[in-house]
Chemist: 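Sending over a structure as C-alpha cells; questions will come in a sec.
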Number of protein chains: 2
Amino acid sequence: MSIDRRSGCPINLSLEVFGDRWSLIILRDMIFGGKRHFRELLNFSLEGIASNILADRLKRLMELGMLTKADDPSHKQKAIYSLTEMAITLVPIMAQLGAWGRVWLPVTEELSIRAELLEKGGPPLWEQFMDELRHEHLGAPSKTPPNTPTVRQQLRAAYEDVVARKAESATA
Amino acid sequence: MSIDRRSGCPINLSLEVFGDRWSLIILRDMIFGGKRHFRELLNFSLEGIASNILADRLKRLMELGMLTKADDPSHKQKAIYSLTEMAITLVPIMAQLGAWGRVWLPVTEELSIRAELLEKGGPPLWEQFMDELRHEHLGAPSKTPPNTPTVRQQLRAAYEDVVARKAESATA
DNA sequence: CCAATCCGATTGCATTTTGCAATCAGTTGC
DNA sequence: GCAACTGATTGCAAAATGCAATCGGATTGG
C-alpha cells in the first residue's frame, strides 16, 4: 500500500504516489469540485469510481500524507476529508496537465473551460487558488481581500456559462 | 490498448494517457536521458522495466501519437524511437512533477539536481529544451545560437558534479 | 416508534493488468 | 560458423480492478 521506491528520481517517486488511474481523479474532485465526503466523491464522480477503490485510495492518500480525515460535527457518521499542504501544492501540476490535455486530447468544451482559465491565469491565479484551499482545508487565514470572487467561483461560473450557452444553441 | 474516454475532462484524459507506472518513465528516459533504442531503455532503466512491458508501452505510445518509430540505417534490426511534438510538450509537466517530488518525496540528491535546475530555469529553459528536442527528434532547425551548451549537457554536467562531489566527500 | 434512507465502508468474485523469466528469429562482428 | 546483440514474444503467477451485494450504525419522515 505504501510507496515502492524503485528509485530516488523525483519523477519516478511522484509517479509512485499518483501514477494510477484514480488517485489524481479523487484529488481533482476535492480540489476543483470542493468534495469532502465519501458519498460526494462516489456519486458525483464523472468517471464512476467503485466504492472499494475509493476507500482504498482514500486510505492510501492518507498514509502518504496527502489527506487527513476528521469527524463531521453535523453528522456522527460523516467523515470530512481534508487536503494537506502536500496535496494543495499539486495545483500547478493539475494546471499543466489540464493545459496539455486541452491541446492534445479530445476534451469536451465544458470540462476544459476550467483548465483554460487556470492556464490563462498562470502562477498568480494558482497561488490565489492554493491560498483559498489552505483557508478551506487547513484553516489558514486567507490572504485574498474580501469581496473578491474565489477562484473556485470563477471556475464554476465559467463552466456554467459554457453549459448555458450550449443549451441555448441546442434549442435555437 | 487505446484510450478509455471515461470522461472528456482534460485531467482525466491525460491520466488515461500516462496514468500508469511506466509510460512517463519511458518518456523521461527519452527526454532527459536521450535514449532512442529499445535496449537502451531496457538496460539503462533505473527502475528496471521488463521487456514485455516496455514493448507494450512503446506500442501504446505510438498508437497515442506520442512516439514514432523508424529504421536505424546503421543496423537493419535497430529501431529508432522519436518523440513527437505531443510528447515534447510534456516538458513543463515533467518539470512540475520533478519540482513537486523534490519537495515532498525522499528523492536522492544526484537524481534531483536536474529537477532543481529545470525548476530554477523556469519556462524559458523549458522552451530551450523543447527546441533542442524538436531539433533532435523532428529535425527542426534549432533556434538556439551555436556554441551554447545544450540544456541536456547542462543537466548532465550538474548531475556529474554532484556525483563527483559525493564520491570525494566519501573518500575524504 | 418504526421503516426507509443515508453513512462510510467491506466482502466475494470474475476479469484484466502486471511483472518476471525464458525464449525467439534475424543481424552483426569476428 | 558462432557468439553477442537486435527488438521483441510467450507462458504463467500474482496483483489490481470493476462490479454487485452487503454491513452495522445514524438519521430522517411520518
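Convention: sequence-line order gives letters A, B, ...; per-chain numbering from 1. Side chains included, hydrogens not; waters and symmetry mates left out as well; all remaining heavy atoms used.
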Chemist: In whole angstroms, how far is the C1' atom of C:dC24 from the CZ atom of B:Phe38?
Modeler: 13 Å
Chemist: Which parts of nucleotides 13-24 of chain D does protein reach within less than 4.0 Å, heavy atoms only, written one letter per nucleotide 5' to 3' as B for base, S for sugar-phosphate only and - for none?
Modeler: ----SBB-B--B
Chemist: Starting from C1' on D:dG25, measure out to CG on A:Asp71 and report it in whole angstrom.
Modeler: 14 Å
Chemist: What residues, two or more places apart in sequence or in another chain, satisfy side-chain contact (heavy atoms from CB on, under 4.5 Å) together with B:Glu109?
Modeler: B:Val162, B:Arg165, B:Lys166
Chemist: B:Leu58 CG to D:dT9 P: how many Å, rounded?
Modeler: 11 Å
Chemist: Nearest-Å distance, CG (A:Asn43) to P (C:dC6)?
Modeler: 10 Å
Chemist: Starting at atom CG of A:Asp72, determine the distance to atom C1' of C:dC6, rounded to an integer number of angstrom.
Modeler: 13 Å
Chemist: Atom NZ of B:Lys78 and atom P of D:dC5: how far apart are they, to the nearest Å?
Modeler: 11 Å
Chemist: Answer with yes or no whether the side chains of B:Trp100 and A:Ser14 bring together a donor and an acceptor at under 3.5 Å.
Modeler: no
Chemist: Sequence neighbours excluded, which residues qualify as salt bridge (charged side-chain N to carboxylate O under 4.0 Å, His left out) partners of A:Arg39?
Modeler: none
Chemist: Can you sort out the partners of B:Phe38 under ring-ring contact (aromatic ring centres under 6.0 Å, His included), two or more places apart, ordered by chain and number?
Modeler: none
Chemist: Let me spell it out: for each of B:Lys76 and A:Glu40, pick the nucleotide of DNA chain C with the closest heavy atom. Which residue's pick is nearer the 5' end?
Modeler: A:Glu40
Chemist: Return the set of residues passing side-chain contact (heavy atoms from CB on, under 4.5 Å) with B:Ala115 (not counting sequence neighbours), or none when no residue passes.
Modeler: A:Pro10, B:Arg102
Chemist: Tell me the interatomic distance from A:Glu16, atom CD, to C:dG19, atom P, rounded to whole angstroms.
Modeler: 11 Å
Chemist: Whole-Å distance between C:dT18 P and B:Lys59 NZ?
Modeler: 13 Å
Chemist: List in chain and number order the residues that pass side-chain contact (heavy atoms from CB on, under 4.5 Å) with B:Gln153, two or more places apart in sequence or in another chain; answer none if no residue qualifies.
Modeler: B:Pro149, B:Thr150
Chemist: Any side-chain N or O of B:His37 less than 4.0 Å from the OP1 or OP2 oxygen of D:dG7?
Modeler: yes
